[in-house]
Amino acid sequence: MNSRAPTAPTGLAWWRLGGLAPRRKSRSFLWALLVLLVGSSLVLLIWLAGRYESSATQERLEAYTADLATQMRQGMSRNLRSLQAMQPDRAEPWLAHAQELLQKRRELIRLEWLDTELRVQLASDSPYRPPAFEIFQRSLSAADVGLACRAAQRFNAPAYANSYFVPQSDGTGLELMDLCLPLMAAGQLMGYTVATYALNDVLAELLGSLLTRGHAVAFTEADGTRLAMYGSAGSGRQLFAAQQLVDLSGNTLVLRLESRQGTADFFPNLLTALVTAMTLALLVVLLMLVRDMRRRLKVERDLAEALAFRKAMENSLNTGLRARDLDGRITYVNPAFCQMVGVRAEELLQHSASPAPYWPPELANVYQDRQAFRLANKALPRGGHESVFMRSDGTRFPVLIIEAPLINALGKHTGWMSAVLDLSEQKRAEEVSRASQDRLQATARLAMVGEMASLLSHELNQPLAAISSYANGSLNVLRDAQGEMLPSSPEQRRLNSDLDMALRRIAEQAGRAGTVIKSVHDFVRRREQKREAVRPMDLIDAIMPLVGLQARKLGVRVVISAEPGCPDVQCDPTMVEQVLLNLARNGMQAMQPGPAQASDRVLNLRVQRSGKDRVEFSVADVGEGIADEVASQLFTPFFTTKEEGMGLGLSLCRTVVEQHGSILSFKPQLPRGTVFSFTLPAAAPYPYPGTDEADLSQLPAF
Ligand code: ADP
């Protein structure tokens, strides 16, 4: 049984089981870390790009604001120059000049000519607006104007006043700022020109044309309070603002530019969008790589399984497998091949191409030429070719080699794969089959002999019956003559008695010969063989006259020993007697007369119990013994070493013994000679299963 009960994991298995889970955990942790890193770097990138974009927008806005401030300054200076050109000599030209200026410069809403006491001499309002000081009295701002004019007088330069809010009749209001210019003539203060700016209009007129969409420009105070504003900052989510101080003599205005834009879009600019897209693409590629890796791992696993399957298959094969490269060097062998040639795989792989370690040295040259020819011509016999290999112990064995070209995955021919079959068994089977053919022929001859024996027995029966009748007749005649005749001399009586005995023996032996012939006839014809209970010693006694005759002739001493109390045996007595006679004759013939004394040539006939229900008969001689080559063919019909022998005796003996449910065995007797023995079933108390053929066939086969 190869199946193993599930056992607790070994130390190594525990280590493996314990190691798998942490490795899987750490792998998923690494993946999470990677995704986190890529995600956070993407967020950081977008944030940085946003920041960069914001600061760039801010910078642009700053520069823009500076531009606007410059523009505004230039506009104010231009206006200043126009105002300085106005000379208050006379009223009409001044008014005309003022109106012209107010028409050209929309940001100026009023021009006034004040005398040195700051009283309004002349005033002109912008034609584009209703007069600004309708609700709000001009006198309410006189203090600011006065301050500015005094400063202007002090420095003999134009001065701006602080701005102030003036409500309008339409419910709105205006943030106004006054500019005071001293009018000097020959070093003498002649009065002041006061120009009033509407800060809203300043923004609209001086900067409006420069302002782009989505921008709002405003004047604020230092604390951020908005004084005037122009434009719209747009609808972006992030408010960008830049401020620029516009220094006017006597007043400093804060110009503030606002724009709402920038981070309204998730991707602030094309670069960020590109980088983000690339990062996302990177992530996608990474995911694809992971999928690919998983697939590859699966393929690898499948491949490993297929490899293990192939390995198990190769290992379980009885056929030897051998792969060689194009130079004839071995690149692979399976265990069956190593077992076949008795060389380890490592040795085979390290060995040079030729001669291979399993080539018989006497055939190495032939094999070398054959290999070279095959490698060069790529000619392979389709059904394979037979060859002879050598095991590591030097024994040769026949093999069948079937070769096929080895083609790699690229379709390139890289070598040869050979399947090697050990033909030893096949050859042995062929040998056995040949031997059985021989045996069949012998059996056929035996059958013929049987026919002859049957014929002979039929033919001999009559002469034997005649001999028996004549002997009995002669015996009767002799006895009658003895009765009628007068008492004779002692010699005559002895002669008569000898004659009587001889005639009785002739009749007896003729009867016996008849029985033997009948038994042989029955045996050959396979008729129903009779079985009867016989005393073992009766069987021996029956053959003793003939055995004794031959023993005397060959100078052999016959010793009979019987175990006391041996039971009767169930057998066909005539056939068993023939077996004993044949064995005894063979034993005596094996002890050829020679220099040895007759006392040394002893034939032992022994009868003894065997097991509970059998009796063993053995015939032991002290002859030359049986040589091995003779022993192997001993029971083969027609095998004989004797000149006049038929070679049928032992074969027939074996058949008879086997029909009695035993086997005829032999073994050497020490110090010399051979013992043949067989057993017969005891007649009682262990009845034999039966006597007919059907019952015999149920006996154990030998
Ligand atoms: P045959 O006696 O006609 O030769 P058998 O079948 O009785 O035929 O015997 C076959 C051969 O077996 C004999 O020729 C002999 O060589 C050998 N043999 C048989 N019995 C003995 C024995 N007891 N000792 C030695 N050889 C024997």
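Counting convention: from 1, in listed order, for ligands and their atoms alike.
With sequence neighbours left out, Met544 forms a side chain to side chain contact (heavy atoms under 4.5 Å, CB included) with Ile540, Val547, Val558, Ile560, Leu605.
Across Val579, Thr679, Asp572, a single residue satisfies side-chain contact (heavy atoms from CB on, under 4.5 Å) together with His660, and that is Asp572.
In the displayed structure, Asn318 atom CG is contacted under 6.0 Å by at most 12 heavy atoms of other residues, nucleotides or ligands.
Side-chain atoms of Arg606 never come within 3.5 Å of backbone atoms of Asn604 as a donor-acceptor pair (strictly under, hydrogens ignored).
For the residue pair Arg614 and Ser662, no side-chain donor N or O sits within less than 3.5 Å of a side-chain acceptor on the partner.
Proximity of Arg609 to Pro567: side-chain heavy atoms (C-beta onward) are separated by under 4.5 Å at one or more points.
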Check each N or O atom of ligand 1 against all protein N or O atoms and list the pairs under 3.5 Å, with atom names and distances to 0.1 Å, one per line.
| residue | atom | partner | partner atom | Å |
| --- | --- | --- | --- | --- |
| ligand 1 | 2 (O) | Asn586 | OD1 | 3.1 |
| ligand 1 | 2 (O) | Lys642 | NZ | 2.8 |
| ligand 1 | 3 (O) | Met646 | N | 3.0 |
| ligand 1 | 3 (O) | Gly647 | N | 3.0 |
| ligand 1 | 4 (O) | Thr640 | OG1 | 2.5 |
| ligand 1 | 6 (O) | Gly649 | N | 3.4 |
| ligand 1 | 6 (O) | Leu650 | N | 2.8 |
| ligand 1 | 7 (O) | Asn586 | OD1 | 3.4 |
| ligand 1 | 7 (O) | Asn586 | ND2 | 2.8 |
| ligand 1 | 7 (O) | Leu650 | N | 3.4 |
| ligand 1 | 14 (O) | Thr640 | OG1 | 3.3 |
| ligand 1 | 14 (O) | Thr641 | N | 2.9 |
| ligand 1 | 14 (O) | Thr641 | OG1 | 3.1 |
| ligand 1 | 16 (O) | Thr641 | OG1 | 2.3 |
| ligand 1 | 23 (N) | Asp621 | OD2 | 2.8 |

